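Atoms within a ligand are numbered from 1 in the order they appear, just like the ligands themselves. On a predicted model such as this, the values are computed, not experimentally measured, just so you know.
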Amino acid sequence: MKIILNIISKTFIFIFLTIITQVGGVIYLISLMVAKKWHKYLKFKILIIFLSLYLIFSFLIIPSIAQIFGREKIKNSEKIKPTNYLTILLNRNYVNPRLNKLLSKTAKELQKTDIEIHYLDANFPFINKFPLFPHLSHNDGKKIDISFIYTSKQGVISNKQKSISGYGVFEEPKTNEYNQTKNCLKQGYFQYDYSKYLTLGKINHELVFSEKHTKILIEKFLKNNELGKLFIEPHLKTRMNLTNKKVRFQGCRAVRHDDHIHIQLK
Ligand SMILES: [Zn+2]
C-alpha cells in the first residue's frame, strides 16, 4: 500500500511540475535518481537536489537548448519587464526571436513616454503544440500576454498591477457596455472567467485602468507589420475606440481578456 501511495504522489508531483514549468517534471525524476545514488542523510534531500538542479537547468542549460527549438528568452530592458518574476522562474518567458524584435521595436516607440511593457505568460522553451497552461494557444513561441497600464487616482502612470499574478482582476463592462462574459457564460463556456481564480491575491486596489495609456501601448504594438492579432475584450475595444482589424475577440473557448492583452505574431 505504501509503495502505491508513493508512486501516486510522485506521479502527481511529476505531472504538476510538467504543467507549471514544462521541464520541472523531468528534473524531478533526475532528482529522484540522484538522491538514490547519493548516500548521504540530509533533511529535505530531494527538495534540495531538485531546487539546485532546477536553477542550474533553468538559467544555464535550457536557454541554449531552446535555441534549437527556435526560441529564446524575452530580452528584458529598461522598458521591457516581467509583471511577475515567477514568469521567468517557471520558464514561461520564451519566444520566437521575431517576437523579441517586435517587443524591442515597440519599446523604442515608447521611449518618449512613461509607459513600460510588462509581460505575463509567453511560451515554454521547447516543443511546438506543448500547451502552456492555462492558455490554449501559447504553444509555438509566437504568443505573449501583456499587462494593462494603470494610473494612480491623480493620473500618474504606475508600473504596478492589481493582482500578484497579473491576471484575474477584470476591467468589467459598464452598464451601458456590451457584456461578452455574460454572453459566453450563458452559452455554457463555464471556463470563460476562470482566471478570477488565478490572481494569487488582489493588490493595489487604488489603481485605475488607464484607457488613454493602454490605448497608446496597443497602438504602438499595432504599428508592427509582424503583429498578427491582438486580443482584448470587446467592451474595452469599443471603449478605447480601437478600429484596427488586427484587434479581435478571442472567442468564448478561451478566457476573458479584460485583465490583459494578448498579442501574437503573424
Ligand atoms: Zn494570451
Side-chain angles (χ1 to χ4, degrees), residues 19-22 71-74 76 80-88 90-103 106 116-150 161-171 180-181 184 189 191-200 209 214-215 217-222 224 226-237 240 242 244-266:
I19 289 173
I20 299 296
T21 70
Q22 188 179 48
R71 296 189 199 175
E72 60 186 24
K73 280 185 175 192
I74 296 167
N76 294 334
I80 305 172
K81 294 167 188 162
T83 298
N84 184 324
Y85 277 92
L86 267 181
T87 308
I88 293 176
L90 300 178
N91 287 307
R92 292 170 159 250
N93 61 326
Y94 281 81
V95 290
N96 182 303
R98 286 196 293 133
L99 190 45
N100 249 335
K101 272 189 203 132
L102 187 148
L103 289 172
T106 311
E116 293 179 356
I117 299 170
H118 290 261
Y119 62 87
L120 298 158
D121 280 339
N123 310 265
F124 282 137
F126 313 125
I127 314 172
N128 281 348
K129 303 239 162 76
F130 189 106
L132 180 130
F133 181 81
H135 313 274
L136 293 179
S137 68
H138 290 224
N139 60 8
D140 56 3
K142 295 178 181 172
K143 324 276 167 46
I144 188 169
D145 289 343
I146 305 288
S147 288
F148 285 167
I149 308 293
Y150 295 92
Q161 290 295 310
K162 299 189 82 160
S163 75
I164 292 175
S165 70
Y167 289 102
V169 177
F170 308 116
E171 184 54 30
Q180 183 65 58
T181 300
C184 287
Y189 295 98
Q191 90 302 332
Y192 195 70
D193 63 348
Y194 263 26
S195 35
K196 66 186 174 199
Y197 301 118
L198 300 175
T199 61
L200 304 179
F209 171 69
T214 305
K215 184 175 179 176
L217 175 66
I218 288 175
E219 285 184 332
K220 299 289 183 204
F221 275 123
L222 289 170
N224 290 283
E226 288 277 275
L227 188 97
K229 290 177 200 166
L230 185 150
F231 295 150
I232 193 158
E233 215 57 14
H235 69 275
L236 294 180
K237 180 181 170 179
M240 288 189 275
L242 298 166
N244 191 305
K245 282 203 178 85
K246 288 180 179 177
V247 182
R248 309 256 186 96
F249 165 53
Q250 70 283 349
C252 286
R253 283 176 204 280
V255 289
R256 59 194 288 186
H257 281 64
D258 50 359
D259 56 344
H260 72 280
I261 305 158
H262 165 108
I263 59 168
Q264 62 186 65
L265 290 173
K266 266 181 186 162

* **Distance-only polar pair, side chains of Arg71 and Asn93, donor-acceptor under 3.5 Å** =>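 Short answer, no.
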* Asked: What's the atom name of the N, O or S in Asp145 nearest to the Zn ion (ligand 1)?
  ->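 Result: OD1.
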* Asked: Of all N, O or S atoms in His262, which has the smallest distance to the Zn ion (ligand 1)?
  ->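 Nearest to the Zn ion (ligand 1) within His262's N, O and S set: ND1.
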* Asked: Is the CZ atom of Phe133 crowded by more than 12 outside heavy atoms at less than 6.0 Å?
  ->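 Count not over threshold, so no.
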* To do: Flag this pair as yes if the NZ/CZ of Arg253 is under 6.0 angstrom from the six-membered ring centre of Tyr189 and inside a 45 degree cone about the axis; otherwise no.
  =>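 No - Arg253 does not lie over the ring of Tyr189 by the 6.0 Å and 45° rule.
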Can an N, O or S atom be found in [X] less than 2.8 Å away from the Zn ion (ligand 1)?
| X | answer |
| --- | --- |
| His260 | no |
| His138 | yes |
| Asp121 | no |

* To do: Establish, yes or no, whether a centroid distance under 6.0 Å links the rings of Tyr167 and His135.
  =>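 Aromatic pair counts; centres sit under 6.0 Å.
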* Asked: Do Phe124 and Tyr94 have ring centroids that are under 6.0 Å from one another?
  ->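 Not close enough - the centres of the two rings lie 6.0 Å or further apart.
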